K.L.:
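I have a structure I would like to understand better, so I am pasting it below and will then ask my questions one at a time.
Worth saying up front: this structure is predicted, and the values here are computed from it rather than measured. Each chain gets a letter, A, B and so on, in the order its sequence line appears, and its residues count up from 1.
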Protein chains: 2
Amino acid sequence: MAKSKKEFRPKARAPRGFPDRFGAGLKAEREMLARISDVYESYGFDPLETSAFEYTDALGKFLPDVDRPNEGVFSLQDDDGQWMSLRYDLTAPLARYVAEHYDALPKPFRRYAMGPVWRNEKPGPGRYRQFTQVDADTVGAPAPHADAEMCVLFAEVIEAAGIPPGDFVIRVSNRKIVDGLFERLGLAAEEDAGRRLNVMRSMDKFDRLGEEGVRLLLGPGRKDDSGDFTEGARLGNREIDAVIAFLASTVSGDDAATLGRLGAIVGDSPAGAAGIAELEAIIRQAPEERRSSIVVDCSIIRGLEYYTGPVFEADILWRPDEEPVRLGSVGGGGRYDGLVKRFKGVEVPAVGISVGVSRLLAALEFRTDAFEPLTRPVVVLALENDRMPEYQALAAELRAAGLRAEVYLGGANFAKQLKYADKRNAPVAVIQGEDERAKGVVTIKDLVLGAQLSREIEDNAEWREAQRAQVEVARCDLVAETMNVLDRHKSRRG
Amino acid sequence: MAKSKKEFRPKARAPRGFPDRFGAGLKAEREMLARISDVYESYGFDPLETSAFEYTDALGKFLPDVDRPNEGVFSLQDDDGQWMSLRYDLTAPLARYVAEHYDALPKPFRRYAMGPVWRNEKPGPGRYRQFTQVDADTVGAPAPHADAEMCVLFAEVIEAAGIPPGDFVIRVSNRKIVDGLFERLGLAAEEDAGRRLNVMRSMDKFDRLGEEGVRLLLGPGRKDDSGDFTEGARLGNREIDAVIAFLASTVSGDDAATLGRLGAIVGDSPAGAAGIAELEAIIRQAPEERRSSIVVDCSIIRGLEYYTGPVFEADILWRPDEEPVRLGSVGGGGRYDGLVKRFKGVEVPAVGISVGVSRLLAALEFRTDAFEPLTRPVVVLALENDRMPEYQALAAELRAAGLRAEVYLGGANFAKQLKYADKRNAPVAVIQGEDERAKGVVTIKDLVLGAQLSREIEDNAEWREAQRAQVEVARCDLVAETMNVLDRHKSRRG
């Protein structure tokens with residue numbers, strides 16, 4: 001058909017902030033999700049899958065740092081006039097589910113969930129608008145026992161995902177202690193909500209900007225490297241000192257000392273004291289072998305506004321080679337006793353954790369041994385168009401032996417087929433031309449050895465030598481000889 | 001906090017047409033996706049995941065039977081003014097991906113994908129607006145070899161999903177043969193596109209309405225049981241006869257005869273002849289053991305408008321007990337040589353299949369042995385609030401032995417805990433109260449036997465007898481005795 005000049009041609013591009021993912025990284029993510037699910041299930045959590053959409057009013061508005069007109073979510077109006085939004089996390093849909101099915105559920109109710117969530121944020125480098133979370137939540141159990149279990153479970157899933165203990169830490173703080181701090185700062189009143197949010201955002205930057213930067217943000221304001229000025233919270237010096245002491249309260253390796261320091265800052269307030277008692281109980285309940293992985297650290301903030309008690313954050317400490325790399329948080333969570341109440345009017349205690357799978361995968365890129373790579377397929381060449389069933393039969397035999405095998409389907413050109421096998425990184429090509437078929441044999445070509453030899457070839461004699469990269473075997477030895485070559489590759493790598 | 005009467009309480013409800021899914025059914029779906037992926041990978045298909053969104057212009061409009069103002073998709077406008085839509089299938093995003101990365105990809109390019117797709121349809125019983133598909137596509141390989149491979153692969157994945165050969169069939173038709181039919185009907189002109197669509201929709205109802213119903217739809221129109229009248233396509237009697245002969249051309253168990261009949265109807269038209277040749281090649285290339293699973297059947301239509309050649313449909317034939325149940329299509333596919341061309345202007349041949357996972361699961365509900373159910377957890381009772389670490393240690397030991405185990409976290413009330421274990425369908429409860437701890441023992445309660453005995457109990461003597469549903473063992477025998485009870489359950493079921 002002649003190309004019409006008038007027809008509309010859309011530009012082929014993925015929407016901004018929505019990357020495509022392919023091959024081995026995707027395999028690794030699935031393997032990771034499976035491992036984490038297994039741990040969740042072993043703790044008695046059952047799987048739940050809600051859909052991508054919730055009614056906007058049911059989802060609520062709890063996102064931090066919203067820089068978008070429609071408050072960080074993707075929304076559209078259904079044909080009956082109701083607004084629906086794509087879920088921004090897996091917790092808000094759980095609250096709706098629990099409220100909807102409350103009487104039928106066992107209580108406490110343990111469920112896990114995995115899947116994409118969407119944030120309508122400004123796209124930018126490394127800032128995606130769709131990402132995968134895998135969560136576990138216990139609804140109907142008050143602090144601190146369920147919180148303590150969550151911390152241990154959190155450590156267990158991070159380890160199951162491939163990060164050894166010692167290379168990560170679960171930091172635990174408590175929103176109630178932060179409330180205690182606000183009481184002390186004189187910011188506990190209803191009308192101070194805006195300022196509290198401002199102070200919390202400044203505190204959240206402690207690990208990135210350090211004491212000096214946060215002091216500016218809490219006080220007069222701060223100009224960043226690009227020259228942009230951020231308005232300050234305008235606290236007094238004594239208040240700023242209290243916030244900094246609070247953020248720097250962690251005594252490495254000594255939770256009791258940390259809790260002592262926190263007690264000195266917020267112990268006088270009922271909220272602060274209650275928060276400290278909850279943290280003490282969480283720490284006390286961690287089993288011996290997990291104790292070094294779970295630490296009290298009130299410099300973590302966790303932005304979501306629905307938290308009401310303990311909050312958690314999983315941080316990767318691991319540094320590849322000598323160059324220290326800040327890998328940062330791979331997940332968080334906390335207690336949200338008010339989220340089901342939004343629907344039911346009565347408080348339903350709840351606590352959960354959420355693992356950010358792409359962050360965890362990024363952390364694991366430094367550990368190339370964490371997951372099996374996607375196996376490369378054996379390519380069966382198809383040299384004669386009318387012999388396709390025979391080539392497919394060769395591939396089927398290889399598959400039946402547990403190998404990945406594919407038949408080339410792009411035409412009979414030999415050079416093109418080898419080039420394809422090369423692009424596929426195929427370890428082996430299987431060749432059966434007219435001659436081979438007549439003799440009842442197949443040629444097994446070791447493409448790894450072949451590539452190596454061809455790099456070394458300088459003359460014709462060597463070229464003949466290079467022929468040892470391929471071997472002719474009886475048709476019935478197809479599988480055995482292919483396995484031989486693959487084993488050779490494996491032992492050379494090992 | 002006192003309940004404020006003024007606060008807004010959203011109603012807890014899932015959006016219309018977006019059901020929640022929980023527990024064993026979800027587990028089964030994941031297992032099925034894993035099995036299907038394994039088959040796709042064994043054939044050399046690599047995984048690809050595009051995001052939920054595509055730019056609306058890139059997605060194109062190919063959905064059949066659209067009864068919605070925004071043409072069957074969910075769309076919204078990004079903050080830069082561009083319209084984005086949620087993908088309605090996994091094929092259109094693949095076409096965009098291939099066009100975007102054409103030069104870098106190996107050709108032919110085999111990829112598989114799985115995930116949710118969204119249709120903005122009127123919700124109704126069994127009509128969901130989000131469902132899961134798992135697809136395989138080969139891009140860059142012309143008919144018929146890649147099509148033949150697709151049919152065999154289709155059969156293989158349906159079997160891997162748990163449907164035995166003989167209980168399903170892959171039906172194959174060809175859009176070109178339908179084009180040949182339209183030539184014969186005198187409906188091949190550009191301006192007849194609307195009438196062709198109308199005729200195809202009528203043809204698509206052949207399996208449901210039978211010859212009489214379709215004759216009415218092709219002719220004067222048809223009133224259905226509810227009294228609604230559907231306008232007819234107003235073909236003449238000779239044309240209607242041709243369409244019916246076409247739809248009824250399948251000779252069971254004899255593809256050659258079917259092809260002969262089709263040749264008599266459309267063999268004169270170049271498109272029809274080409275389509276028949278492609279079907280012949282597909283059938284010829286199927287390996288012996290798959291030949292009875294792959295049949296030529298031109299009564300299948302497949303609604304998506306982008307198909308250009310062979311089309312496939314996987315149908316379940318299986319009938320539970322005596323009552324015949326029409327389980328119908330669990331997936332489809334076909335060749336779409338024009339879809340990448342939309343972007344690139346040059347034709348890129350492509351063919352694929354799509355498995356509808358919820359349909360397949362529904363079909364498998366009749367085969368209760370197809371998947372392992374979600375194992376029920378052992379419940380460790382927590383009778384003393386301050387002994388939580390010890391209860392958690394009991395659960396951890398059971399988990400280390402590969403069991404699911406959970407600690408009750410809802411408070412110290414004994415009766416409530418047993419009621420919970422019952423609601424969880426727990427097979428075993430582990431009990432360690434003050435006395436047991438002092439003696440260094442735990443009580444293992446067989447809840448299955450317990451429930452059975454309690455149904456039979458009539459007097460006190462029997463009640464004492466019922467005590468054999470629980471046994472006190474040394475703390476160190478926790479795992480062994482729990483395993484004993486679970487083995488007993490298993491052998492009783494077996």
Side-chain angles (χ1 to χ4, degrees), chain A residues 3 9-10 12-15 18 20-23 26-27 41-44 46-55 57-58 68 74 76 84 96-97 99-100 106-108 110 116 130 138 140-141 145-146 149 285 287 342-343 345 374 377 388-389 392-393 399 404-406 409-410 420 423-424, chain B residues 3 9-10 12-15 18 20-23 26-27 41-44 46-55 57-58 74 76 79 84 96-97 99-100 106-108 110 116 130 138 140-141 145-146 149 285 287 342-343 345 374 377 388-389 392-393 399 404-406 409-410 420 423-424:
Chain A
K3 240 169 64 180
R9 289 240 194 96
R13 76 282 185 218
F18 294 99
D20 299 318
R21 298 159 58 228
F22 191 64
L26 197 52
K27 274 287 276 184
E41 280 187 18
S42 77
Y43 272 73
D46 280 356
L48 169 68
E49 190 175 288
T50 61
S51 83
F53 281 108
E54 293 289 335
Y55 284 124
D57 61 357
R68 289 270 149 150
F74 291 104
L76 50 80
M84 305 194 297
R96 186 271 303 159
Y97 179 85
E100 191 174 352
K107 273 157 298 263
R110 284 185 180 93
Q130 172 178 324
T138 302
H145 301 314
E149 182 178 86
Q285 290 188 24
R342 287 185 64 237
F343 300 97
L374 188 63
M388 206 48 85
Q392 289 284 6
R399 279 176 212 132
R404 291 186 79 192
E406 53 178 61
L409 294 176
Y420 170 84
K423 199 154 189 177
R424 289 289 282 147
Chain B
K3 241 168 64 180
R9 291 240 194 97
R13 75 285 184 215
F18 293 99
D20 300 316
R21 298 159 59 230
F22 190 65
L26 197 51
K27 275 287 276 185
E41 280 187 18
S42 77
Y43 272 73
D46 281 355
L48 168 68
E49 189 175 289
T50 61
S51 81
F53 281 108
E54 292 290 333
Y55 283 124
D57 62 357
F74 290 105
L76 50 81
D79 68 328
M84 305 194 297
R96 186 269 304 160
Y97 178 85
E100 190 174 353
K107 277 161 292 276
R110 285 184 178 93
Q130 171 177 325
T138 301
H145 300 314
E149 182 178 86
Q285 290 188 25
R342 287 187 63 237
F343 300 96
L374 186 63
M388 206 48 85
Q392 288 285 5
R399 280 177 212 131
R404 292 186 79 193
E406 53 178 59
L409 293 176
Y420 171 84
K423 199 154 189 177
R424 291 288 283 148

K.L.:
Quick check on the interface: out of A/Pro116, A/Ala52, A/Ala141, who has the most heavy-atom pairs with chain B under 4.5 Å?
P.N.:
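Greatest number of close heavy-atom pairs with chain B: A/Ala52.
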
K.L.:
Using a 4.5 angstrom heavy-atom cutoff, name the option from A/Phe18, A/Tyr55, A/Tyr97 with the most pairs to chain B.
P.N.:
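Ranked by contacts with chain B, first place is A/Tyr55.
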
K.L.:
Which answer fits A/Pro377, side chain, backbone, both or neither, if we ask what part of it has an atom under 4.5 Å from a heavy atom of chain B?
P.N.:
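The answer is the side chain of A/Pro377.
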
K.L.:
For B/Glu406 and A/Arg110, what are the C-alpha separation, side-chain angles and deciding distance, and is it a side chain to side chain contact (heavy atoms under 4.5 Å, CB included)?
P.N.:
CA-CA 9 Å; B/Glu406 53 178 59; A/Arg110 284 185 180 93; 3.4 Å; yes

K.L.:
Identify which part of A/Pro106 has an atom lying under 4.5 Å from any heavy atom of chain B, answering side chain, backbone, both or neither.
P.N.:
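Both backbone and side chain.
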
K.L.:
Of the backbone (N, CA, C, O) and the side chain (C-beta and beyond), which part of B/Pro287 lies under 4.5 Å from a heavy atom of chain A, both, or neither?
P.N.:
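For B/Pro287, there is no contact with chain A at all, as no heavy atom is under 4.5 Å.
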
K.L.:
Less than 4.5 Å to any heavy atom of chain B: does that hold for the side chain of A/Phe343, its backbone, both, or neither?
P.N.:
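When you check distances to chain B, atoms from both the backbone and side chain of A/Phe343 fall under 4.5 Å.
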
K.L.:
Calculate, to the nearest 0.5 Å, the distance between atoms CG and CG belonging to A/Leu374 and B/Asp46 respectively.
P.N.:
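A/Leu374 CG to B/Asp46 CG: 5.0 Å, rounded to 0.5 Å.
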
K.L.:
Grab the two heavy atoms, one from A/Arg404 and one from B/Gly44, that are nearest each other, plus how far apart they are.
P.N.:
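A/Arg404 and B/Gly44 have their closest heavy atoms at NH2-C, 3.3 Å.
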
K.L.:
With a 4.5 angstrom heavy-atom cut-off, could you sort out which part of A/Gln285 is near chain B: side chain, backbone, both or neither?
P.N.:
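Both parts, heavy atoms under 4.5 Å.
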
K.L.:
Examine whether an atom of B/Gln392 lies under 4.5 Å from a heavy atom of chain A, and if so say whether it belongs to the side chain, the backbone or both; otherwise answer neither.
P.N.:
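The side chain, not the backbone.
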
K.L.:
Is it the side chain or the backbone of B/Arg399 that comes within 4.5 Å of chain A heavy atoms, both, or neither?
P.N.:
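It is the side chain, since no backbone atom gets that close.
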
K.L.:
Against chain A, label B/Ala393 side chain, backbone, both or neither, depending on which of its atoms sit under 4.5 Å from a heavy atom there.
P.N.:
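For B/Ala393, no heavy atom lies under 4.5 Å from chain A.
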
K.L.:
Quick check on the interface: out of B/Arg342, B/Lys107, B/His145, who has the most heavy-atom pairs with chain A under 4.5 Å?
P.N.:
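Going by pairs under 4.5 Å, I would pick B/His145.
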
K.L.:
Taking all atoms of both residues into account, what is the closest heavy-atom pair of B/Ala58 and A/Arg13, and its distance?
P.N.:
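For B/Ala58 and A/Arg13, the tightest heavy-atom pair comes out as CB-NH1, 4.3 Å.
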
K.L.:
Which bit of B/Tyr43 is near chain A, if near means a heavy-atom gap under 4.5 Å: side chain, backbone, both or neither?
P.N.:
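It is both, since atoms from each part get that close.
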
K.L.:
What residue, out of A/Pro108, A/Ala146, A/Gly140, has the most heavy-atom pairs lying under 4.5 Å from chain B?
P.N.:
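The option with the most such pairs is A/Pro108.
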
K.L.:
Tell me, side chain or backbone of A/Gln130 under 4.5 Å from chain B's heavy atoms, or both, or neither?
P.N.:
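Looking at A/Gln130, just its side chain touches chain B.
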
K.L.:
Examine whether an atom of B/Glu49 lies under 4.5 Å from a heavy atom of chain A, and if so say whether it belongs to the side chain, the backbone or both; otherwise answer neither.
P.N.:
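It is both, since atoms from each part get that close.
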
K.L.:
Heavy-atom cut-off 4.5 Å, strictly under: side chain, backbone, both or neither for A/Leu26 against chain B?
P.N.:
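Side chain of A/Leu26 only, per the 4.5 Å heavy-atom cut-off to chain B.
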
K.L.:
Measure across A/Met84 and B/Pro15 and return the closest heavy-atom pair with its distance rounded to 0.1 Å.
P.N.:
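That closest heavy-atom pairing would be SD-CB, 3.8 Å.
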
K.L.:
Any idea which heavy atoms bring A/Asp20 and B/Ser51 closest together, and the distance?
P.N.:
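Taking every non-hydrogen atom into account, OD1-N, 4.4 Å.
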
K.L.:
Sort out for me which of A/Ser42, A/Pro389, A/Gly410 touches chain B most, counting heavy-atom pairs under 4.5 Å.
P.N.:
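The option with the most such pairs is A/Ser42.
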
K.L.:
Under 4.5 Å, counting heavy-atom pairs only, tell me which of A/Lys27, A/Glu100, A/Glu54 racks up the most with chain B.
P.N.:
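Result: the option with the highest number of such pairs is A/Glu100.
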
K.L.:
Select, from A/Glu149, A/Met388, A/Glu41, the one with the greatest count of heavy-atom pairs under 4.5 Å involving chain B.
P.N.:
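Sorted descending by pairs with chain B, the first entry is A/Glu41.
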
K.L.:
Counting only non-hydrogen atoms closer than 4.5 Å, does A/Leu48 touch chain B with its backbone (N, CA, C, O), its side chain (CB onward), both, or neither?
P.N.:
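Both parts, backbone and side chain.
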
